[in-house]
Amino acid sequence: MSESPTDRPAYDPQAVEAKWRQRWEARGTNRVDLERAARPFYNLMMFPYPSAEGLHVGNVFAFVGSDIYGRYRRLAGADVFEPIGFDAFGIHSENYALKVNLHPAALIPRNIARFREQLRRVGLMVNWDHELSTTDPAYYKWTQWIFLQLFKAGLAYRKQAPVNWCPECKTVLANEQVIDGYCERHPDTAVTQRTLEQWFFAITKYAQRLLENLETLDWSDSTRTAQRNWIGRSEGAELVFTTPVGGSIRVFTTRPDTVFGATWVVLAPEHPLVDQLTAAECRADVNAYRRRVQQMDIVSRKVGTKEKTGVFIGAYARNPATGESVPIWIADYVLMEYGTGAIMAVPGHDERDYEFAQAFRLPIVQVVQPTDGPASPAPLPYTGWDGRLINSARFDGMPCREAVGAVTRWLEGKELARGEVQYRLHDWCISRQRYWGPPIPIIYCDACGAVPVPDRDLPVVLPATDDYRPDESGISPLARLEDWYRVPCPQCGGPARRETDVSDTFLDSAWYFLRYPSTAVGDRAFDPELTRTWLPVNSYIGGNEHAVLHLMYARFITLALHDLGHLPFEEPFTRFRAHGTIVKDGAKMSKSRGNVVVPDEHIARWGADTFRMYLMFLGPYQEGGDFRDEGISGIRRFLERVWGLVQDADGNSGDEAASRKLHQTIRKVGGDLEELRYNTAIAAMMECVNLLRKEGQEGQGVPRALIEPLVVLLAPFAPHFAEECWERLGHAGSVFDAPWPAFDAALARDVEIELVVQVNGKVRGRVPVPAGIAEADAVAQATADPAVRKFIDGKEIRKVIFVKDRLVNLVV
RNA sequence: GCCCGGGUGGCGAAAUGGCAGACGCAAGGGACUUAAAAUCCCUUGGGAGGCAACUCCCGUGCGGGUUCGACUCCCGCCCCGGGUACCA
């Protein structure tokens with residue numbers, strides 16, 4: 001082949017890609033008829049946040065991986081809906097807008113326009129008709145509607161809660177802006193806490209179902225594990241420690257078996273019983289301690305040294321098991337948000353309690369004797385389960401696990417205990433004291449309380465204002481817009497004021513996939529018919545950084561809407577796969593490191609197809625990889641070779657070896673695509689092409705019958721390129737309307753294989769044998785091989801292991 | 001600390017418990033060329049031996065174990081990346 005390369009048109013990626021971008025648009029190739037699709041397949045990728053920097057290589061990696069899967073499904077016969085949109089509200093846009101002094105409402109459309117252009121260049125099979133932006137009032141109208149649905153169902157409520165506060169920015173921070181307790185923008189400033197009245201969603205009511213449903217989902221294991229850990233179910237008991245002054249302290253413990261060793265009790269400093277229980281002579285100390293804790297920054301309370309501090313409050317409680325009086329302390333290591341905000345301290349069998357006992361010289365009683373290990377004294381604290389009770393009256397000698405139930409039942413009989421399950425999961429705080437988000441649709445009336453904005457008045461449009469910088473008050477900027485927030489009460493008509501907080505960005509993204517099919521629907525959040533056809537999502541691909549929050553919130557909203565009768569399914573994403581991260585020089589890409597890779601220049605230089613394939617070839621898709629551009633020329637070379645084969649295609653039928661390789665490749669690529677193993681799929685196609693080229697050199701042209709299926713296999717990876725090849729092979733329509741090639745199992749089977757011969761597990765020879773050879777024949781051939789003879793001559797073969805079509809192992 | 005990943009040639013990597021290093025990059029050699037680029041062909045884990053076809057030994061972070069056979073499974077560590085933060 002290629003005697004005179006000059007007489008063939010060169011592969012010009014820019015021309016090819018521009019041509020097909022334009023043609024796809026003109027022909028509506030990527031459009032799917034949502035109402036009449038016979039085999040609907042919803043292929044979802046996590047929508048991007050349209051940053052001012054534009055699309056970066058991590059986005060492209062994510063989208064291309066998802067796009068390849070969608071295109072593959074389409075070739076396999078599905079009607080694939082592949083939408084995209086923009087997650088454009090939120091604190092990052094707002095902070096950036098403040099920095100460059102350009103209103104987010106002006107900034108965002110600009111960024112989106114840039115993203116759209118970049119995304120088009122990547123060649124995604126996107127249905128642009130269904131694009132959405134969370135900042136569009138036509139979208140957030142329904143975000144607000146969802147809030148109201150939850151509010152009306154009692155799943156949204158207000159309570160006092162701490163917010164992160166940066167004393168340097170003088171502003172409220174979102175959790176993701178707090179890095180190890182410090183402000184993201186002021187790495188030397190420890191974040192403090194302020195307490196404000198905020199809106200919450202009662203996600204904890206769904207903890208158990210969110211946990212159980214995980215078992216039904218086809219998700220990456222790592223993601224399911226992350227969700228399970230985040231929900232953090234623990235089983236135990238609530239025990240009652242009564243006090244002589246009245247008021248009993250309820251403590252949660254996962255180790256009721258150790259209650260005989262509880263030598264004091266600790267309340268969270270904020271615990272409501274503290275006031276009532278504190279003895280007069282201790283009040284000053286207690287108040288001072290509580291004040292100190294409240295003013296403490298997050299670094300020292302939650303991140304810093306775990307040094308134990310606390311104060312005795314001058315009161316005692318009764319250990320329900322021993323009947324003894326134990327002192328009551330307050331300490332900041334007990335958190336009000338978890339369990340009952342109170343614990344029993346068992347210093348012999350809990351590390352924190354042990355440290356506390358050391359710090360304040362409190363008594364330590366061992367109540368578990370480890371089963372193995374030094375007899376006594378056992379090194380304390382012993383926190384394991386492999387032991388038997390001691391110093392526990394009638395329970396002495398009982399194994400821990402058994403004692404959990406026995407002790408609980410015994411105390412239940414005295415009404416001093418009950419079995420309890422606790423979750424780490426907290427209710428979802430959705431209030432943001434910021435500007436750039438959807439206003440929470442509530443109106444406060446002195447007479448009627450918190451009143452939902454009537455549906456007919458939605459959306460509550462975010463008012464245009466240049467005065468949106470957060471200030472020292474910690475209150476939302478919208479609270480400065482009196483004209484906006486002063487409204488009549490929708491119920492009684494009296495004077496009232498709007499809620500001035502906006503909602504969390506995670507709420508915007510918790511339902512966007514429900515909206516995509518229904519972007520044209522004006523009078524509902526989502527059309528029931530379209531929803532039934534297209535949802536739940538068939539394939540969702542995204543980053544593991546969203547393994548917990550986004551996916552949990554989306555599941556929760558879906559579950560809640562299901563229970564409220566709005567959705568016919570409980571889980572939004574049937575299949576989820578987490579892709580890996582692309583790093584640069586071993587480190588996460590970030591502006592501060594200055595190692596952000598911008599895709600544009602690579603696409604301009606190599607073409608989108610080469611760049612797409614290169615990103616997929618870098619390493620396993622679900623693991624990510626280190627971006628370096630050294631290898632990209634290899635992909636380009638590969639495409640050039642395919643290009644050459646296409647030009648040389650002719651009508652001859654090719655030999656058996658070539659068609660066997662083709663069918664093996666079809667099988668391999670199909671299987672790999674199914675599991676997102678794009679790197680090995682590409683390698684398989686390269687092998688196939690290498691073989692076809694060798695064959696071509698010996699004979700004349702390259703058989704069209706072998707090239708055409710290969711072009712189809714390549715199409716998901718290099719869509720523009722494949723279209724051009726397909727056309728040059730004489731087809732009028734899109735390659736994406738061609739069927740995925742069927743592989744012929746009989747054709748793919750090898751006729752001759754190389755049988756590996758081992759002696760004592762070491763490879764000593766290889767003999768060519770017909771495929772499917774029987775054991776006896778294989779052993780005969782193996783033992784006849786001179787290379788093998790050297791190792792077996794004069795020895796007795798004690799055992800033969802035969803693995804069909806693979807190896808013979810002779811044990812001597 | 002805990003929970004997830006991961007550790008294999010010069011580099012990115014591949015391998016249902018069955019030939020370690022497919023595929024690609026880089027490098028070296030050769031062909032073509034006035035020359036270079038591009039293209040094509042060959043070599044390429046380390047070591048030892050041989051004129052040679054080739055042969056042998058070592059080798060998947062470290063130490064043990066299971067097995068006819070371990071990159072793969074089990075136990076105990078080390079290192080790197082990510083997440084999380086006193087969750088009772």
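Just so it is clear: chains get the letters A, B, ... in the order the sequence lines come, proteins before strands, and each one is counted from 1.
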Fill in the blank from the handout: To the nearest angstrom, the CG-P distance between L645(A) and C40(B) comes to 11 Å
Practice task
In whole angstrom, give the distance that lies between atom CG of D626(A) and atom C1' of G82(B).
Solution key: 15 Å
Completion exercise
Of C19(B), C86(B), G18(B), the nucleotide closest to the side chain of I801(A) is G18(B)
Practice task
Map every base of RNA chain B to its dot-bracket character, where paired means a Watson-Crick or G-U wobble contact with both distances under 3.5 Å and | marks a partner outside the strand.
Solution key: (((((((..(((.....[....))).(((((.......))))).(((((....)))))..(((((..]....))))))))))))....
Practice task
Could you tell me whether the phosphate oxygens of C23(B), OP1 or OP2, come under 4.0 Å of any side-chain nitrogen or oxygen in N690(A)?
Solution key: no
Exercise for the section: Tell me what R798(A) touches on the nucleic acid: a base, only sugar-phosphate, or nothing, going by heavy atoms under 4.0 Å. Expected result: nothing
Problem - Stepwise ring pair (Phe, Tyr, Trp, His ring centres under 6.0 Å) check, Y553(A) with W428(A) - result: CA-CA 8 Å; Y553(A) 294 148; W428(A) 174 14; 3.7 Å; yes
Problem - For atom CG of L807(A) and atom C1' of A20(B), their distance in whole Å - result: 14 Å
Handout entry: Value in whole Å for how far the C1' atom of A26(B) lies from CZ of R637(A)
Key = 10 Å
Practice task
Could you label the plane-to-plane angle of the H349(A) and Y382(A) rings as parallel, tilted or perpendicular, counting under 30° as parallel and over 60° as perpendicular?
Solution key: perpendicular
Exercise for the section: State which of C25(B), A22(B), C86(B) makes the closest approach to the side chain of Y333(A). Expected result: C86(B)
Handout entry: For P327(A), side-chain contact (heavy atoms from CB on, under 4.5 Å) partners two or more places apart
Key = W264(A), F312(A), Y316(A), W329(A)
Exercise for the section: Consider the side chain of Y338(A), meaning its heavy atoms from C-beta on, and name the nucleotide among A88(B), A13(B), C86(B) that approaches it most closely. Expected result: A88(B)
Exercise for the section: Please list residues of residues 609-621 of chain A whose heavy atoms come under 4.0 Å from any atom in RNA chain B, ordered by number; otherwise none. Expected result: F617(A), L618(A), P620(A)
Handout entry: Results of salt bridge (charged side-chain N to carboxylate O under 4.0 Å, His left out) for E675(A) - residues two or more places apart only
Key = none
Exercise for the section: Give T340(A) one of three labels, base, sugar-phosphate or nothing, depending on what nucleic acid heavy atoms sit under 4.0 Å from its own. Expected result: nothing
N/O to N/O distances under 3.5 Å, protein versus nucleotides 2-11 of chain B:
{"unit_1": "C3(B)", "atom_1": "O2'", "unit_2": "N229(A)", "atom_2": "ND2", "d": "2.7"}

Practice task
Considering just the side-chain nitrogens and oxygens of N809(A), establish if one lies under 4.0 Å of OP1 or OP2 belonging to U67(B).
Solution key: no
Exercise for the section: If a protein heavy atom is under 4.0 Å from the base, mark B; if only from the sugar-phosphate, S; if neither, -; do that for nucleotides 42-55 of chain B going 5' to 3'. Expected result: -------------S
Practice task
Give E687(A) one of three labels, base, sugar-phosphate or nothing, depending on what nucleic acid heavy atoms sit under 4.0 Å from its own.
Solution key: sugar-phosphate
Practice task
For R424(A), check salt bridge (charged side-chain N to carboxylate O under 4.0 Å, His left out) against everything at least two apart and list the hits.
Solution key: none
Problem - Phosphate OP1/OP2 of C40(B) contacted by R693(A) side-chain N/O (<4.0 Å) - result: yes
Practice task
Using the ring of W385(A) (Phe, Tyr or Trp, six-membered ring only), decide whether R255(A) places NZ or CZ under 6.0 Å from its centre and within 45 degrees of its axis.
Solution key: yes
Fill in the blank from the handout: Per atom distances to the K762(A) side chain, the nearest of A15(B), A88(B), C58(B) is C58(B)
Exercise for the section: Remember a base hit wins even if backbone is also touched, and classify R228(A) as base, sugar-phosphate or nothing at under 4.0 Å, heavy atoms. Expected result: nothing
Fill in the blank from the handout: Against the side chain of R806(A), the closest entry in U84(B), G18(B), A14(B) is G18(B)
Exercise for the section: Using whole Å, report how far CH2 of W264(A) lies from C1' of A88(B). Expected result: 13 Å
Problem - For atom CD1 of I635(A) and atom P of G12(B), their distance in whole Å - result: 17 Å
Fill in the blank from the handout: E754(A) atom CD is separated from G18(B) atom P, nearest whole Å, by 17 Å
Problem - By side-chain contact (heavy atoms from CB on, under 4.5 Å) - contacts of S220(A) (at least two apart) - result: S222(A), T223(A), R577(A), A578(A), Q622(A)
Quick test: give all pairs of protein nitrogen or oxygen and nucleotides 71-78 of chain B nitrogen or oxygen below 3.5 Å, distance rounded to 0.1 Å.
none

Fill in the blank from the handout: Among C87(B), C23(B), C40(B), the one nearest any side-chain atom of M686(A) is C23(B)
Problem - Spacing between I582(A) atom CD1 and G12(B) atom C1', to the nearest angstrom - result: 11 Å
Practice task
Using a 4.0 Å heavy-atom cut-off across all strands, classify V803(A) as base, sugar-phosphate, or nothing.
Solution key: base
Exercise for the section: Sequence neighbours left out, what passes side-chain contact (heavy atoms from CB on, under 4.5 Å) with K804(A)? Give chain and number order. Expected result: F802(A)
Exercise for the section: Give the nucleotide from the list A88(B), C57(B), G24(B) with an atom nearest to the side chain of R764(A). Expected result: C57(B)
Practice task
Please list, chain by chain and in numerical order, all residues satisfying side-chain contact (heavy atoms from CB on, under 4.5 Å) with D785(A), sequence neighbours excluded.
Solution key: V767(A), A787(A), V788(A)
Exercise for the section: Would you mind classifying the nucleic acid contact of V756(A) as base, sugar-phosphate or nothing, using non-hydrogen atoms under 4.0 angstrom? Expected result: base
Exercise for the section: I would like to know whether H602(A) and F611(A) meet ring pair (Phe, Tyr, Trp, His ring centres under 6.0 Å); could you show each step before the answer? Expected result: CA-CA 7 Å; H602(A) 296 285; F611(A) 190 59; 5.5 Å; yes
Practice task
List in chain and number order the residues that pass salt bridge (charged side-chain N to carboxylate O under 4.0 Å, His left out) with E674(A), two or more places apart in sequence or in another chain; answer none if no residue qualifies.
Solution key: R73(A)
Practice task
Considering only atom P, compute the distance from C68(B) to A15(B) and round it to an integer number of Å.
Solution key: 27 Å
